[in-house]
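All values below were derived from every heavy atom in this structure, side-chain atoms included, with hydrogens, water molecules and symmetry-related copies excluded.
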Amino acid sequence: MDQYEPYCLADRLFYDKLGEDQTEASDFSFVHREVPADWVRIETDTWMYYGLAGGDPLPSQGWKIHISARLDDAERALGVLWDYCLPRGIAFKYLRGQSALVMYNAKTASRSSSGKLATIYPRDVHELELVLKDLDELLRGVEGPYILSDLRYGQGPLYVRYGGFAERKVLSQNGELVLALEDGEGRLVPDVRGATFSVPEWTTLPAFLEPHLAARNAVTTTDLPYQIESVLHFSNGGGVYLARDKRSGDRVVLKEARPHAGLDAAGRDAVTRLEHERDILERLAGLDSVPDLHDYFTLGDHHFVVQEFVDGNPLQRMLVQRYPLTRATCTEEELAEYTAWAVDMLERVETAVRSLHERGVVFGDLHPNNILVTPDDRLVLIDYEVATLAADEARSALANPAFAPPRDRTGVAADHYSLACLRMGLFAPQTTIMLMMHRQKIDQLAALIRRTFPVPAEMIDEARELILGDEPDDGGAMRDLPLPGAAPWPDVRDALRRAILASATLERDDRLFPGDVAQFQPGGGINIATGAAGVLYALSETGDERFPMCETWLSKRALEPASGTSLGFYDGLHGVAYVLERLGRRQHALDVVDITLKEKWEILGPSLHNGLSGVGLNLLHLSERTGEPSLREVADKIVDICADRLGGPEDVPEISGGDHPRAGLLHGSCGPALLFMHAYERTGDAALLDKAADALRQDLRRCIRAKDGSLQVNQGWRYLPYLEEGSVGLGLAVARYLALRPDDAHGFAQDLVDLRLIARSGYFVLPGLFNGRAGIIAALAMGLRQDEDNADQDNTDPLLPQQIRGLQWHAMPYAGGLAYPGDQLLRLSMDFATGTAGVLFALHAASNAGRVFLPFISPPGGAQALAKEPLRVDTPDRDNPSERREEV
């Protein structure tokens, strides 16, 4: 969620950047200063870059200097930077405005990049030393957050780190392209940017910096009366540590605050909030639902509060473990058992919050991760840094978006709102986030909860009334929505298309349709996953209407791509070329492909999403469509490269993601498997099918069997059922392999049964195509089964109606149409991967019973090989108890 919140500041309904008027109001004065004629200035939404034109080029990497400054000192620090660097011809960059500086120093910001106001690029070590000495004097008195990734120079705001000056990229261990450095042997290696200072093994720390490293290492926890045992949590504001009191032997929790870092909406830093938490804990001393306060101390510049260690599970973890609808084998008894547990837990939480109110304290940040339950059933509320006094009638400056009250709720009323959201959230996890966009969504959520769980109606009704408050009626916008599974498919389709088209912004250059925050990365506004290509693809597959102005918008930006635009299929130019060709703009498609082939495509990873298999599949497709032999030649090279790099079934770890390569349809070995299958269809070379089998076995190796018997991709800390990196995506690749080689020698048929089982689950947190319920629907519609014995009389997958109705949980009104929120559920999205276009595509695939497929997923022989009758989407019998479970 961290990277999403800054994109919620500009618009109430969509993820967006701050507009020019907003950024100009925030800009530092230096943004508008003229530079000398022999200087070059490049500006982005976040950074201002300055360099001397025509001078000696900078080295590609080396020691760089960072300046840290709090908001109050930023203008002064930039004035010193400007006056020092320009006369000396030293390249530099800085954050362009106050809003960017606050964003980089917020509590949710990345710890590895936080604190950096400006960067200076010395030409060599001699200049590095000179600049540091000079600026150390000139910046005396400037204060800022400690830059964790760097070595501090003295006690001022200057920090140093070895890193790249020029942007170069290399494949990391997990198969993704990352920023790179050249090691001692001239090889490109990842430029790791962590939250601790380190020196690459092929270089040495300049001698003049040795005393500063010694000073840094001299600050230790050795003399503290507490022995830190482990890290419980990190944020940009500090850490939370499990420790042991050396004097008593008792376990305690140390909560750390970094000065000037971890800013909240009110501009308070982590230290200010920690001091406030200490005061609140003193006020609440003795309450069983509040941890005891033991101590408060400082170490270096960092502040620590010492609290009682409560050995309990967060309510969020208990919710995930107990929630029955995510299991494929959910029964009525399990629903009743969960409901009884949830109702009891809610009553206990309300009692705990009431005890705070009796002491005159408003908790202010109530959500399941701030509620601990011990094995002996003690319930404790933790994290009081944003608590307020009831008499102040204030609002919290930080709160979980799913439980944050609207502006009209202050004081204890804010806690009552959060409690009402908790009542809903234990039965419909995360969905109360959507109330920020449309509070009357609560009516539909309440109805769905009552139909699904045997929950006391009065409890849900009371929560609904608390949440709505005095909210005016929306004129039926929510009530009149044509909902999937309830309204006829043509009405649902038209409502989805209406919402998408109403959101178009032809006047903008960066994006055409609002979507995920990834669209603000280079090329993210035009690609299939988050950009215009994906939306136009969904519109073209689901209707006959054409949108020439939108297509022209896409063509223009694809033919003149922004620097840094990816080459991949779902995240870059190859996907755009695929869509342009399908839209009848074949020459534009070929021109875009020509652009990609002039780049270093060989360095890409193997994936379908952004790597070689997606590129190879697109070239095979376009060569067949256009008859261009040169495209086939490059595709054949890519097949050979992927085959050489693949390895055997055991040559991958058993965990997906993190430091390891990812598994699944879009990011794993399924991509090469599809490439080998399509190449086999064109050549008849059985060795390619053998390679495809090896690739599928690699991804199956990274799966684990859940308690409900389903086979899911294992990330070590969670299991994934989704299209992008989970069960159903892998299942589609396995199903396609079995269609080509029915004489299964690897047990793939049973694997497919187990991968498909997750589609019986009744609840998914997100609605989207890549990582939500729409992906489950699309996979079922596109043939996620080996045989037809499981189909009903019209050849429709029997699980589809249940999953289609499940999209009602996230349905939202927009511009007289039907829309869906994107990842994190904080804003609506119209894109293909996360939002409304993906839902439209999935439902159309279901309604046409297999005639519409994702690229390269259609069965051997084309889509007509599995042609089916249109799906009949009937309104469920809401009075029949046997239908109630299917409502989700």
With no hydrogens and no angle check, just 3.5 Å: does a side-chain donor-acceptor pair link Ser60 and Glu182? no
Within-4.5 Å side-chain heavy-atom neighbours: Leu612 and Pro606: no
Looking at OG1 of Thr565 and CD1 of Ile526, how far apart are the two atoms once the value is rounded to the nearest 0.5 Å? 5.5 Å
Do other residues, nucleotides or ligands put more than 12 heavy atoms under 6.0 Å from Glu560 CD? no
Salt bridge between Arg251 and Glu229, side-chain N to carboxylate O under 4.0 Å? yes
Please determine whether a side-chain nitrogen of the Lys or Arg among Glu275 and Arg268 lies less than 4.0 Å from a carboxylate oxygen of the Asp or Glu. no
Listed partners of Tyr50 passing ring-ring contact (aromatic ring centres under 6.0 Å, His included), at least two apart: Trp82, Phe92, Tyr94
Separation of Thr204 OG1 from Leu209 CG (nearest 0.5 Å): 10.5 Å
Full working for side-chain contact (heavy atoms from CB on, under 4.5 Å) between Val199 and Trp63: CA-CA 10 Å; Val199 180; Trp63 290 96; 4.2 Å; yes
Testing the basics here: between Tyr104 and Ser113, what is the closest heavy-atom pair and its distance to 0.1 Å? CD2-O, 3.9 Å
Heavy-atom neighbours of Asp659 CG exceed 12 at 6.0 Å: no
Would you name the heavy atoms of Gly524 and Thr530 that are closest together and state the gap between them? O-OG1, 2.8 Å
Sidechain-backbone polar pair: Glu599 side chain, Leu567 backbone, donor-acceptor under 3.5 Å: no
Under a 3.5 Å cutoff, is there a donor and acceptor pairing between the side chains of Glu385 and His276? no
List for me each residue that meets ring-ring contact (aromatic ring centres under 6.0 Å, His included) alongside Phe197, sequence neighbours excluded, and say none if there are none. none
Are Arg168 and Leu179 packed together at the side-chain level, in the sense that at least one heavy-atom pair is separated by less than 4.5 angstrom? no
Do the side chains of Asp16 and Arg511 get close enough for a salt bridge, i.e. N-O under 4.0 angstrom? yes
Can you confirm if the aromatic rings of Tyr153 and His212 lie within a centre distance of less than 6.0 Å? yes
Take Asn369 and Gln316 through the test side-chain hydrogen bond (donor to acceptor under 3.5 Å, both in side chains) and record every step on the way to the result. CA-CA 5 Å; Asn369 272 320; Gln316 177 64 29; 5.1 Å; no
Stepwise salt bridge (Lys or Arg N to Asp or Glu O under 4.0 Å) test for Glu654 and Arg702: CA-CA 4 Å; Glu654 294 183 354; Arg702 291 174 279 198; over 6 Å; no
For residues 218-227, which residue pairs pass the side chain to side chain donor-acceptor pair (under 3.5 Å) check, not counting sequence neighbours? Thr220-Thr222, Tyr226-Arg247, Tyr226-Asp295
Sub-4.5 Å side-chain heavy-atom contact between Ile90 and Arg123: yes
Do Pro59 and Phe165 come close enough that some side-chain heavy atom pair is under 4.5 Å? yes
Donor + acceptor pair across side chains of Gln715, Arg662 (<3.5 Å): no
Working to the nearest 0.5 angstrom, can you tell me the gap between Gln61 CD and Leu181 CG? 5.0 Å
Inter-residue atom distance Leu177.CG - Asn610.CG, 0.5 Å rounding: 7.0 Å
Under a plain distance cut-off of 3.5 Å, with no hydrogens placed, do Ser112 and Ser110 share a side-chain donor-acceptor pair? yes
d(Ser99 OG, Asp45 CG) to nearest 0.5 Å is 10.0 Å
Do Tyr49 and Glu43 get their side chains close enough for a donor-acceptor pair, meaning under 3.5 Å? no
Basic-acidic side-chain contact under 4.0 Å: Arg258, Asp269: no
Carboxylate-amine/guanidinium proximity below 4.0 Å for Asp73 and Arg70: yes
Should Val170 and Val189 count as side-chain neighbours, where that means a heavy-atom distance under 4.5 Å? no
Flag the pair Arg273 and Asp264 as a salt bridge only when some basic side-chain nitrogen lies within less than 4.0 angstrom of an acidic carboxylate oxygen. yes
What are the two closest heavy atoms between Trp47 and Leu117, and how far apart are they? CZ3-O, 3.9 Å
For the atom pair OH (Tyr15) and CG (Asp831), what is the distance rounded to the nearest 0.5 Å? 10.0 Å
Salt bridge flag under 4.0 Å for residues Arg557 and Asp509: yes
Partners of His260 by ring-ring contact (aromatic ring centres under 6.0 Å, His included), sequence neighbours excluded? none
How close do Ala69 and Leu101 get, counting heavy atoms only, and between which atoms? O-CD2, 3.8 Å
Taking the side chain as every heavy atom from C-beta outward, state whether Ser149 and Lys116 have any pair of such atoms under 4.5 Å apart. yes
Verdict with reasoning, Ile65 to Thr119, per side-chain contact (heavy atoms from CB on, under 4.5 Å): CA-CA 6 Å; Ile65 301 169; Thr119 305; over 6 Å; no
Pair Tyr84-Asp134, side-chain donor/acceptor within less than 3.5 Å: yes
Does the Lys246 side chain pair with the main chain of Leu224, one donor and one acceptor, at a distance under 3.5 Å? yes
Search all heavy atoms of Gly115 against all heavy atoms of Asn105 and return the closest pair with its distance. N-OD1, 2.9 Å
Do Lys93 and Met48 have side chains that get closer than 4.5 Å, going by heavy atoms? no
Within the 4.5 Å heavy-atom criterion, are Leu132 and Glu129 side-chain neighbours or not? no
Test item: Ser613 side-chain N/O and Leu608 main-chain N/O as donor-acceptor pair under 3.5 Å: yes
Please answer whether the main-chain N or O of Ala663 pairs with a side-chain N or O of Ser656 as donor and acceptor at a distance below 3.5 Å. yes
Short side-chain donor-acceptor distance under 3.5 Å, Asp571 and Ser566: yes
Whether the Asp365 and Tyr384 side chains hold a donor-acceptor pair (N or O, under 3.5 Å, no angle test) is what I'd like checked. no
Should the ring pair Tyr570 and His609 be called parallel, tilted or perpendicular, given that the plane angle runs from 0 to 90° and is split at 30 and 60? parallel
Which atom pairs, one a donor and one an acceptor, fall under 3.5 Å between side chains of residues 300-307 and the rest of the protein, sequence neighbours left out?
residue: Asp301; atom: OD2; partner: Arg152; partner atom: NH1; Å: 3.4
residue: His302; atom: ND1; partner: Glu256; partner atom: OE2; Å: 2.5
residue: His303; atom: ND1; partner: Tyr296; partner atom: OH; Å: 3.1
residue: Gln307; atom: NE2; partner: Glu277; partner atom: OE2; Å: 3.2

Can you find a side-chain donor-acceptor pair between Asn236 and Ser114 that sits under 3.5 Å? yes
So which heavy atom on Lys169 is nearest to which on Leu188, and how close? O-CD1, 3.9 Å
Residues forming a ring-ring contact (aromatic ring centres under 6.0 Å, His included) with Phe520, sequence neighbours excluded: Tyr7
Just checking, Arg111 and Phe234: is the charged tip under 6.0 Å from the six-membered ring centre and within 45° of the axis? yes
